[in-house]
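Report on one structure; see the data block that follows.
These numbers come from a predicted model, not from an experiment. We're numbering straight along the sequence, starting at 1.
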Amino acid sequence: MGGETINETIVKELRGVGMTEDDLRLINDSLNRYPDCLLDIPYIRIILAGARFKRKSEKDIRTFHGEKNSIIENAVEHNLNGLKVNSALTRPDKLVNVLKSLDYVDSNLATLKVLSVGPRSESEIFSLISAGFSPANIRGLDLISYSPFVDLGDMHNMPYQNAAFDIVILGWVL
């Protein structure tokens, strides 16, 4: 980089594809007005979900302690370890992109109620939001939670009424 800052290097690269300082200012102004658009960028979702998890202390992370069960205890430990190394942050887009390929889902994104079972992190929630699902209509259920989007519970005994959701995602559970 020859003494350049990362921002200077990025600006130089963007100029290489025809972007000007005015274009960058316009983009920056738009992001300041509509910060939720940042969730449209997969890498930003991963950074945000990882940063929000890393800011939490041990006491902020709730874990499910239902019936003493070695399977649940092992799943909790496995999921926590996955969050610590960000391995759970990159997978959700694959699942959400398949949902959007369904015409009915794509046509009704804003009104459909979604339950994500076992999302582990907020990355899956952020992927759903960026796909067009309303944050008010998204719930997660997991054995661990640090997020207001994710309820603590066991998928074998869900705390929801029957038919409360239009879509149920079970992408990362056994």
Side-chain angles (χ1 to χ4, degrees), residues 6 27-28 30-66 69 71-102 105-106 108-161 164-174:
I6 292 173
I27 290 168
N28 189 55
S30 295
L31 289 175
N32 282 325
R33 287 181 68 198
Y34 309 104
D36 56 319
C37 289
L38 281 170
L39 292 180
D40 292 342
I41 304 170
Y43 191 67
I44 298 296
R45 291 192 298 269
I46 292 166
I47 290 170
L48 181 60
R52 286 173 53 91
F53 174 74
K54 287 178 179 149
R55 283 195 301 263
K56 302 296 180 182
S57 69
E58 293 277 331
K59 67 179 173 45
D60 294 326
I61 300 169
R62 300 172 294 132
T63 58
F64 181 77
H65 297 289
N69 181 329
I71 294 171
I72 288 177
E73 290 172 15
N74 288 339
V76 167
E77 182 179 348
H78 173 79
N79 291 354
L80 284 171
N81 289 334
L83 284 172
K84 290 175 185 171
V85 296
N86 291 344
S87 66
L89 302 178
T90 58
R91 302 182 299 186
D93 284 341
K94 296 173 183 141
L95 181 63
V96 173
N97 287 339
V98 170
L99 281 176
K100 282 198 63 166
S101 72
L102 304 171
V105 172
D106 194 46
N108 295 285
L109 290 168
T111 60
L112 294 173
K113 291 182 172 65
V114 181
L115 173 63
S116 172
V117 178
R120 295 190 184 145
S121 77
E122 292 174 318
S123 186
E124 187 163 302
I125 306 301
F126 295 156
S127 291
L128 289 163
I129 293 168
S130 80
F133 292 97
S134 170
N137 291 338
I138 301 170
R139 295 301 316 149
L141 178 70
D142 207 323
L143 296 171
I144 60 172
S145 178
Y146 62 92
S147 169
F149 290 108
V150 181
D151 300 323
L152 197 59
D154 180 0
M155 69 180 184
H156 298 101
N157 188 16
M158 293 190 203
Y160 309 110
Q161 296 291 322
F165 298 96
D166 302 300
I167 297 172
V168 178
I169 303 169
L170 296 112
W172 319 117
V173 298
L174 297 176

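Between Tyr146 and Glu122 the shortest side-chain heavy-atom distance falls below 4.5 Å. No side-chain heavy atom of Tyr160 sits less than 4.5 Å from a side-chain heavy atom of Val168. Lys56 is not listed as a side-chain neighbour of Ser147, based on a closest heavy-atom distance of 4.5 Å or more. Side-chain contact between Lys100 and Leu109 is present, with at least one heavy-atom pair separated by less than 4.5 Å. Considering only heavy atoms from C-beta on, Phe165 stays 4.5 Å or farther from Met158 through its side chain. Using a 4.5 Å cut-off on side-chain heavy atoms (C-beta onward), Leu112 and Asn137 make no contact. Put simply, the side chain of Thr111 does not reach to within 4.5 Å of the side chain of Asp166, judged on heavy atoms. In this structure, Ile138 and Phe126 have side chains that are not in contact, with every pair of non-hydrogen atoms separated by 4.5 Å or more.
Shortest non-hydrogen contact noted between Ser134 and Ala110 is CB-O, 3.5 Å. Nearest heavy-atom pair across Ala131 and Val96 is CB-CG1, 3.5 Å. In terms of heavy atoms, Asp151 sits closest to Arg139 at OD1-NH2, 2.5 Å. When every heavy atom of Leu141 is checked against every heavy atom of Pro119, the shortest pair comes out as O-CD, 3.5 Å.
Sparse packing is recorded around CG of Asn157, with 12 or fewer heavy atoms of other residues, nucleotides or ligands lying under 6.0 Å away.
Between the side chain of Ser123 and the backbone N or O of Ala49, no donor-acceptor pair lies under 3.5 Å. Formation of a donor-acceptor pair under 3.5 Å by the Arg45 side chain with backbone atoms of Leu39 is found in this model.
Atom SG of Cys37 sits about 12.0 Å away from atom CD1 of Ile44, to the nearest 0.5 Å. Atom CD1 of Ile144 sits about 8.5 Å away from atom OG1 of Thr63, to the nearest 0.5 Å. Distance CG/Leu48 to CD1/Ile41: 12.0 Å, rounded to 0.5 Å. Distance CD1/Ile129 to CD1/Ile125: 7.0 Å, rounded to 0.5 Å. A distance of 8.5 Å separates CG in Leu128 from CD1 in Ile167, rounded to the nearest 0.5 Å. Rounded to the nearest 0.5 Å, atoms CZ (Phe133) and OG (Ser127) are 11.0 Å apart.
Remark: of the listed residues Val117, Val98, Val114, Leu115, Val114 is the sole one forming a side-chain contact (heavy atoms from CB on, under 4.5 Å) with Ile169.
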